[in-house]
Amino acid sequence: MGLAELVLLAIGLSMDAFAVSICKGLGMKKINLKVAVVLGLFFGGFQAGMPVIGWALGSQFMSIIGPIDHWIAFILLAFIGGKMLWEAFTEDENEGDGKDAEKIDLGEYLILAIATSIDALAVGISFAALSVDIVPAVSLIGITTFVFSVAGVAIGHTFGARYEKPATIVGGVVLVLIGLKILLEHLGILAL
C-alpha cells in the first residue's frame with residue numbers, strides 16, 4: 001500500500017469522527033477550541049490505536065490468512081465503507097443527543113471515539129495482511145483524524161449539518177474503492 005492509498009485511507013477513516021465532530025459543533029453557540037482539541041485527541045488517538053490492535057491480531061494469524069489476504073482486505077474495507085454509506089442514507093437527519101456541546105464529557109467522548117474507530121480495528125487486520133509499515137500508517141491516520149475532528153467542530157458551528165452526510169458518503173466510497181483496488185492489484189487485473 002503506497003502513500004497515496006494511505007492518505008486516502010486516513011481520510012476515509014476520519015470521516016466518521018468528522019461527521020460526529022460536525023454534530024458537536026452544531027450545538028455550540030460559539031466555537032470552543034478546548035472542546036474541539038479534546039475531541040480531536042480522543043478521535044485521533046483511538047483511530048491510531050485501533051489499527052495497532054488489529055495489526056497485532058492479524059500478524060499472529062498471517063500464515064493462515066496469507067494466501068487470501070487480498071480478499072480479507074477487500075471484504076473488510078468494502079464492509080466498512082458500505083456500513084458508512086448505509087448509515088449516511090438511513091440515519092434520521094434530525095436526531096441529536098440533546099447534550100450541551102460546549103461542555104467536555106470524557107465518558108461521552110470515550111464512547112464516541114470507540115464507536116467511530118471500530119472500523120480502524122478491521123483496517124489494522126488488513127495492514128497485517130498487506131505487510132504495511134504500521135507506525136507511519138497509524139501516525140498518519142491519527143493526525144488526519146485529529147485535524148478533521150477539530151475542523152469538523154468548526155465547520156459544524158459555522159455551516160450547520162449540511163456536510164455531515166456528504167462527508168460520510170465520501171469516506172464510505174473511498175474505503176470501498178481502496179478495497180477494490182487492493183483486490184484488483186492482487187488478482188493481476190490492475191497494475192499500478
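One-based numbering along the sequence shown. All values derive from a computational prediction rather than experimental measurement. Scope of the values below: all heavy atoms of this structure, side chains included, with no hydrogens, waters or symmetry mates.
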*Asks:* Nearest heavy-atom pair of L39 and S21: which atoms, and what distance?
*Replies:*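 Of all heavy-atom pairs spanning L39 and S21, the closest is CD2-OG, 3.8 Å.
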
*Asks:* Are I155 and F18 packed together at the side-chain level, in the sense that at least one heavy-atom pair is separated by less than 4.5 angstrom?
*Replies:* yes

*Asks:* Enter the distance from D16:CG to S149:OG here, rounded to the nearest 0.5 Å.
*Replies:* 10.5 Å

*Asks:* Does the side chain to side chain contact (heavy atoms under 4.5 Å, CB included) test come out yes or no for F79 and V176, once each step is laid out?
*Replies:* CA-CA 8 Å; F79 175 76; V176 170; over 6 Å; no

*Asks:* Given 3.5 Å as the limit, does a donor-acceptor pair link the side chain of Q47 with the main chain of S14, or not?
*Replies:*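 Here the side-chain-to-backbone pair does not exist.
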
*Asks:* Please round to the nearest 0.5 Å and tell me the distance separating atom CG of L6 and atom CG of L13.
*Replies:* 10.5 Å

*Asks:* Please lay out, stage by stage, how L183 and W71 fare under the test side chain to side chain contact (heavy atoms under 4.5 Å, CB included).
*Replies:* CA-CA 6 Å; L183 178 64; W71 283 103; 3.7 Å; yes

*Asks:* Which residues pass the side chain to side chain contact (heavy atoms under 4.5 Å, CB included) test with I53, sequence neighbours left out?
*Replies:*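 With sequence neighbours excluded, I53 shows a side chain to side chain contact (heavy atoms under 4.5 Å, CB included) to M50, L57, L121, given in chain and number order.
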
*Asks:* Less than 4.5 Å apart, side chain to side chain, heavy atoms only: is that true for L112 and F43?
*Replies:* yes

*Asks:* Roughly how far, to the nearest 0.5 Å, is CZ of F42 from CG of L110?
*Replies:*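 Answer rounded to 0.5 Å: 6.0 Å.
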
*Asks:* When you compare the side chain of I114 with that of Y109, does any pair of heavy atoms fall below 4.5 Å?
*Replies:*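 No, too far: nothing below the 4.5 Å cut-off.
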
*Asks:* Cluster question for you: counting only ILVMFWY and a side-chain heavy-atom cut-off of under 4.5 Å, with indirect links fine, are V38 and F46 together?
*Replies:* yes

*Asks:* Please tabulate, for side-chain N and O atoms in residues 132-148, each donor-acceptor pair with protein atoms closer than 3.5 Å (sequence neighbours left out).
*Replies:*
from, atom 1, to, atom 2, distance (Å)
S139, OG, V135, O, 2.7
T144, OG1, L140, O, 2.7
T145, OG1, I141, O, 2.8

*Asks:* Could you state whether L130 and V123 fall into the same hydrophobic cluster, counting links through intermediate Ile, Leu, Val, Met, Phe, Trp or Tyr residues with side-chain heavy atoms under 4.5 angstrom apart?
*Replies:*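 L130 clusters together with V123.
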
*Asks:* Please say yes or no: joined through hydrophobic side-chain contacts below 4.5 Å, possibly via intermediate residues, are V153 and L106 part of one cluster?
*Replies:*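 Yes, V153 and L106 fall within the same hydrophobic cluster.
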
